[in-house]
Every structure is written in structure tokens, then in C-alpha cells.
> 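The structure under discussion is supplied below as C-alpha cells; questions concerning it will follow.
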Amino acid sequence: MSEIRFKQVIIGRADNPFLVLDNDIDVRGNNYDTLRTMAAQAMMDANFPRRTWIDFEVEGHKFKAKMHYNDIWVRKR
């Protein structure tokens, strides 16, 4: 599994939820912050529905996210 890297770095708010990542997602540093910010934005746009997977995309990488307690669980699509 190779590390996912994004061209654009997006740093979100300090209170963005923590990410729970599936084992097949390898992101670190600024790439983690970018994915966390984009996942949080996708969940805010969808009004944080519980038990529902929300599809979102970051620079051609396709993901889905859902609320997991107070965190966001992210998987590849």
C-alpha cells in the first residue's frame, strides 16, 4: 500500500473530528490534515447523519465517511 499524497494542502480547524481510517488508507502529516478537513467538510455538508456513508473525493481519490461516535470513519470507495 502506498502513501496517499495530495497536491494541495488544506489545514482545517483544530476542533475537526479525529479520523478513524481503514487499514488500506495510508496518509501522514499534511496529507492527513487535508483528508481530515475534507471528510469533516463532507460530513458538515450532509448535516452529520449517523449510520450513513457519505461519498466524497479529494483530488481524484474517492472516499466515503460516516460518523463513528464523535469521530469520522473514512474508507476508500
Side-chain angles (χ1 to χ4, degrees):
M1 158 182 48
S2 61
E3 181 181 352
I4 296 173
R5 296 174 187 252
F6 303 114
K7 292 176 186 165
Q8 183 178 15
V9 173
I10 302 171
I11 304 299
R13 298 172 12 171
D15 64 346
N16 276 350
F18 184 75
L19 288 184
V20 177
L21 300 174
D22 269 7
N23 291 336
D24 62 344
I25 300 176
D26 182 13
V27 292
R28 300 178 201 146
N30 289 338
N31 296 305
Y32 179 89
D33 289 336
T34 298
L35 182 58
R36 182 177 77 132
T37 301
M38 297 303 285
Q41 185 63 51
M43 295 306 294
M44 285 192 306
D45 291 347
N47 250 350
F48 287 94
R50 299 274 177 188
R51 299 183 188 96
T52 302
W53 287 100
I54 304 301
D55 294 336
F56 70 103
E57 190 172 324
V58 182
E59 295 182 9
H61 298 278
K62 296 180 180 184
F63 301 98
K64 57 185 179 179
K66 78 174 183 177
M67 291 304 297
H68 180 72
Y69 300 104
N70 291 328
D71 305 325
I72 297 177
W73 183 3
V74 176
R75 289 182 166 175
K76 285 185 180 178
R77 273 196 291 155

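None of the values given here were measured: they were computed from a predicted structure.
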> Do Leu19 and Ile25 come within less than 4.5 Å of each other through their side chains, counting heavy atoms only?
no
> Not counting sequence neighbours, list each pair that qualifies as a side-chain hydrogen bond (donor to acceptor under 3.5 Å, both in side chains) and has a residue in residues 30-40.
none
> For residues Val58 and Ile10, determine if any side-chain heavy atom of one lies less than 4.5 Å from a side-chain heavy atom of the other.
no
> Side chains of Ile4 and Leu35: does their closest heavy-atom pair fall under 4.5 Å?
no
> For the CE atom of Met38 and the CD atom of Glu59, what is their distance to the nearest 0.5 Å?
8.5 Å
> Check the hydrophobic clustering (I, L, V, M, F, W, Y; side-chain heavy atoms under 4.5 Å; chains of links allowed) and say if Leu21 and Met67 are grouped together.
yes
> Would you say the side-chain atoms of Lys76 pair up with the backbone N or O of Asp24, donor to acceptor, closer than 3.5 Å?
yes
> Would you give the length of the straight line joining atom CZ of Arg28 to atom CD of Glu3, rounded to the nearest 0.5 angstrom?
4.5 Å
> Would you mind writing out the side-chain donor-acceptor pairs for residues 44-57 within the sub-3.5 Å range, not counting sequence neighbours?
unit_1: Asp45; atom_1: OD1; unit_2: Gln41; atom_2: NE2; d: 2.8
unit_1: Arg50; atom_1: NH1; unit_2: Tyr69; atom_2: O; d: 2.6
unit_1: Thr52; atom_1: OG1; unit_2: Arg50; atom_2: O; d: 3.4

> Among His68, Lys66, Arg75, find the residue that satisfies the side chain to side chain contact (heavy atoms under 4.5 Å, CB included) test when tested with Val20.
His68
> Of all residues at least two apart in sequence or in a different chain, which pass the salt bridge (charged side-chain N to carboxylate O under 4.0 Å, His left out) check with Asp71?
none
> Given side chains that start at C-beta, do those of Lys64 and Val74 come closer than 4.5 Å, heavy atoms only?
no
